[in-house]
Amino acid sequence: MQIDPRLLLSSIVHDFNNLLTPVVNILEELQHRRDSTRRELGKIDAAIYCAFRAKVLARQLLDFANPRPAMPEPTDMRQLLAQLEQVHASVLSPDIRLTMEVADRLPPAMIDQQLVERALLNLVLNARDAMPAGGDLTIAVDLAFPPSTKTGLPKRMIRLAVSDNGIGMEDRTLKMAGQPNFSTKVNGTGLGLATVRQIVESLGGGLSITSKPRHGTTIDLWLPAMWASSSK
């Protein structure tokens, strides 16, 4: 009997994640022990990072093989970021400072929370890669007009921005960023930003990137907002 490759891949990813979960839990317990040396903490931090990277990669493979339809619902972005702050902090090195900035009086975002959480974690991990010597990472949410807005059709969207002050990208690399199978990493798969772009476009949004060598990168996720009326 022929086995559906997508079903086989789903089963492998499920088992893989089940094996990784206790590994991550044990590493996080070790991370919070007060008797660990700085060198030991550095090794634990690196192991946690690799484990999260492995979980994200497995999920990316599954998404590309068998993407599920987006299921948007009204989401409070301030509450969402508050829930994720500890998760993001746990995968960043001690030399990276994380700042959250959320504008006041934001309307709910019409998003699939699970998909956006996955996209955001991906961007946080990429930012860490871009700051091997440490730096500043800012996750900000506000209302703005996306760069693709057409004249005469103003429509503000929720902008979820992830900014780092890392190595940045030159123009040629920037033009290719987000394309499937393109990666700036030696052993990269090219699935990271491509997956993020796929997620936001499935929600009716978009992705834009600004970057300069040695001045960092900002990736904006443009997400639909739920307005009380259609005149915004």
Mind checking whether [X] and [Y] have side chains closer than 4.5 Å, heavy atoms only?
X: Leu84; Y: Glu117; result: yes
X: Ile139; Y: His88; result: yes
X: Ile111; Y: Met77; result: yes
X: Leu81; Y: Val102; result: yes
X: Arg159; Y: Val141; result: no
X: Gln83; Y: Gln113; result: yes

SB check Asp104 Arg78 (cutoff 4.0 Å) =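 Looking at Asp104 and Arg78, the cut-off is met.
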Minimal non-hydrogen separation, [X] against [Y], with atom names:
X: Leu20; Y: Ala54; value: CD1-CB, 3.7 Å
X: Leu143; Y: Pro107; value: CD1-CD, 3.6 Å
X: Ala119; Y: Val196; value: O-CG2, 3.8 Å
X: Val91; Y: Tyr49; value: O-CD1, 4.0 Å
X: Ile44; Y: Leu30; value: CD1-CB, 3.6 Å
X: Leu203; Y: Ala70; value: CD2-CB, 3.7 Å

Please check if Leu98 and Phe52 belong to a single hydrophobic cluster, counting links between Ile, Leu, Val, Met, Phe, Trp and Tyr side chain heavy atoms closer than 4.5 Å.
->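 The answer is yes; both residues are in one hydrophobic cluster.
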Check: Thr37 main-chain N/O paired with Glu40 side-chain donor or acceptor under 3.5 Å |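 At least one qualifying donor-acceptor pair exists.
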Kindly write out the residues that satisfy side chain to side chain donor-acceptor pair (under 3.5 Å) with [X], not counting sequence neighbours, or none if the list is empty.
X: Arg33; answer: Asp35
X: Thr75; answer: none
X: Gln114; answer: Arg68

Kindly indicate, with the supporting measurements, whether the criterion side chain to side chain contact (heavy atoms under 4.5 Å, CB included) is fulfilled by Glu101 and Thr138.
-> CA-CA 7 Å; Glu101 299 177 354; Thr138 301; 3.9 Å; yes
Working to the nearest 0.5 angstrom, can you tell me the gap between [X] [atom1] and [Y] [atom2]?
X: Met226; Y: Ile158; atom1: CE; atom2: CD1; answer: 10.0 Å
X: Leu92; Y: Ile48; atom1: CG; atom2: CD1; answer: 11.5 Å
X: Leu125; Y: Leu120; atom1: CG; atom2: CG; answer: 10.0 Å
X: Met157; Y: Asp142; atom1: CE; atom2: CG; answer: 12.5 Å
X: Ser202; Y: Leu115; atom1: OG; atom2: CG; answer: 5.5 Å

What's the verdict on side chain to side chain contact (heavy atoms under 4.5 Å, CB included) for Leu193 and Leu123, showing C-alpha distance, side-chain angles and the deciding distance?
-> CA-CA 8 Å; Leu193 274 180; Leu123 296 182; 3.6 Å; yes
Which residues, ordered by chain and number, are linked to Ile167 in its hydrophobic cluster, where ILVMFWY side chains connect at heavy-atom gaps below 4.5 Å, directly or through other members?
->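 Reading the cluster by chain and number, Ile167 sits alone, since nothing else belongs.
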Dump the intermediate steps for salt bridge (charged side-chain N to carboxylate O under 4.0 Å, His left out) on Arg38 and Asp45, then the final yes or no.
-> CA-CA 10 Å; Arg38 183 176 179 83; Asp45 170 70; over 6 Å; no
Determine, stepwise, if the pair Ile96 / Asp136 fulfils side chain to side chain contact (heavy atoms under 4.5 Å, CB included).
-> CA-CA 6 Å; Ile96 295 178; Asp136 294 299; over 6 Å; no
Stepwise side chain to side chain contact (heavy atoms under 4.5 Å, CB included) test for Leu221 and Ile219 | CA-CA 7 Å; Leu221 305 186; Ile219 298 181; 4.2 Å; yes
Output side-chain donor-acceptor pairs under 3.5 Å for residues 205-214, partner residues at least two apart or in another chain, one line each.
{"residue": "Ser208", "atom": "OG", "partner": "Trp222", "partner atom": "NE1", "Å": "2.9"}
{"residue": "Ser211", "atom": "OG", "partner": "Met169", "partner atom": "N", "Å": "2.8"}
{"residue": "Ser211", "atom": "OG", "partner": "Gly216", "partner atom": "O", "Å": "3.1"}
{"residue": "Ser211", "atom": "OG", "partner": "Thr217", "partner atom": "OG1", "Å": "2.7"}

Taking only residues two or more places apart in sequence, or in another chain, which ones meet Asp95 in a salt bridge (charged side-chain N to carboxylate O under 4.0 Å, His left out)?
->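 Salt bridge (charged side-chain N to carboxylate O under 4.0 Å, His left out) check on Asp95 returns nothing, list empty.
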